[in-house]
Asks: 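Here it is, the structure in full.
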There are 2 protein chains.
Amino acid sequence: MLTATFATPYYAVIFTSLRGDDEHHAYEQAAQRMVELAREQPGFLGVESARGSDGLGITVSYWTSEAAIAHWKNHAEHREARQQGRERWYQGFTTRVCRVERDYAGLKN
Amino acid sequence: MLTATFATPYYAVIFTSLRGDDEHHAYEQAAQRMVELAREQPGFLGVESARGSDGLGITVSYWTSEAAIAHWKNHAEHREARQQGRERWYQGFTTRVCRVERDYAGLKN
């Protein structure tokens with residue numbers, strides 16, 4: 001699903017990662033759990049995620065403030081999941097913290 | 001492919017879109033042409049793109065400055081492609097212009 005747009009400025013965390021085909025089900029469960037947990041955090045606005053058949057995935061989460069991102073980064077279960085991601089799931093990944101300056105949405109009726 | 005990281009601050013354009021299954025080949029050709037054209041623009045740093053089986057796609061392009069983004073936005077062929085996207089390819093889309101404050105990469109050997 002596409003998320004809504006939000007009042008600017010707000011913050012985006014762009015997480016790009018490269019995965020192989022291994023442990024597909026276990027990975028999907030872990031990733032879904034992290035989305036559910038993120039939704040419960042203060043300052044969470046929304047999340048969008050896609051992974052193509054080449055193994056490249058992009059997840060963008062949206063937050064009200066940098067403080068909210070820092071709080072989520074320090075969540076114990078999230079820290080464990082990131083550790084597991086580094087060791088087990090990802091061939092490579094990049095995290096970018098961004099300030100969203102403006103947005104435009106186009107939706108058909 | 002994952003892109004490199006870059007010296008901060010730089011800029012990201014997050015383009016999220018929802019597509020159906022129609023005109024797959026023609027769409028892929030048009031999307032690939034836009035990536036090739038973007039690579040030739042001043043201030044272009046890199047691009048990452050993924051589309052899942054649910055039709056949600058995320059493309060993030062990286063730029064040295066807001067001026068580079070404005071220049072690309074005004075490119076005649078890019079304007080035509082966006083018009084075609086609105087009318088023909090996308091059920092919905094969102095564009096977000098962001099300032100990347102910091103990034104972290106993890107790559108396995």
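What you see below is based on every heavy atom in this structure, not just the backbone, and it leaves out hydrogens, waters and symmetry mates. The sequence lines fix the lettering, A, B, ..., with proteins before strands; numbering per chain opens at 1.
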Asks: Do you know the tightest heavy-atom contact between B:E77 and B:R33?
Replies: OE2-NE, 2.8 Å

Asks: Find the one option among B:T3, B:T5, B:L2, B:V60 whose heavy-atom pairs under 4.5 Å with chain A are most numerous.
Replies: B:L2

Asks: Does the side chain of A:R82 reach to within under 4.5 Å of the side chain of A:F93, using non-hydrogen atoms?
Replies: no

Asks: Please rank B:V97, B:D103, B:V100, B:T94 by heavy-atom pairs under 4.5 Å with chain A and give me the top one.
Replies: B:V97

Asks: Quick check: do B:W63 and B:H71 have side-chain heavy atoms less than 4.5 Å from each other?
Replies: no

Asks: Counting C-beta onward and ignoring hydrogens, is there a side-chain heavy-atom pair between B:Y27 and B:R88 closer than 4.5 Å?
Replies: no

Asks: Could you tell me if the side chain of B:H25 sits less than 4.5 Å from the side chain of B:Q29, heavy atoms only?
Replies: yes

Asks: Considering only heavy atoms, which portion of A:T8 lies under 4.5 Å from any heavy atom of chain B: side chain, backbone, both, or neither?
Replies: neither

Asks: Among A:M1, A:E48, A:E66, which residue has the highest count of heavy-atom pairs closer than 4.5 Å to chain B?
Replies: A:E48

Asks: Please look at B:Y10 and chain A and tell me whether the side chain, the backbone, both or neither of the residue comes under 4.5 angstrom of a heavy atom of that chain.
Replies: side chain

Asks: For A:R51, is it the side chain, the backbone, both or neither that has a heavy atom under 4.5 Å from a heavy atom of chain B?
Replies: backbone

Asks: Relative to chain B, which of A:I14, A:T59, A:D54 shows the most heavy atom pairs under 4.5 Å?
Replies: A:I14

Asks: Select one option (side chain, backbone, both, neither) describing which atoms of A:Y62 are under 4.5 Å from chain B's heavy atoms.
Replies: side chain

Asks: After noting the C-alpha distance and the side-chain angles of B:Q41 and B:H78, does the key distance pass the side-chain contact (heavy atoms from CB on, under 4.5 Å) rule?
Replies: CA-CA 11 Å; B:Q41 303 307 307; B:H78 186 204; over 6 Å; no

Asks: Using every non-hydrogen atom in the two residues, find where A:A50 and B:G52 come nearest and quote the distance to one decimal.
Replies: CB-N, 3.9 Å

Asks: Relative to chain A, which of B:P9, B:A12, B:S49 shows the most heavy atom pairs under 4.5 Å?
Replies: B:S49

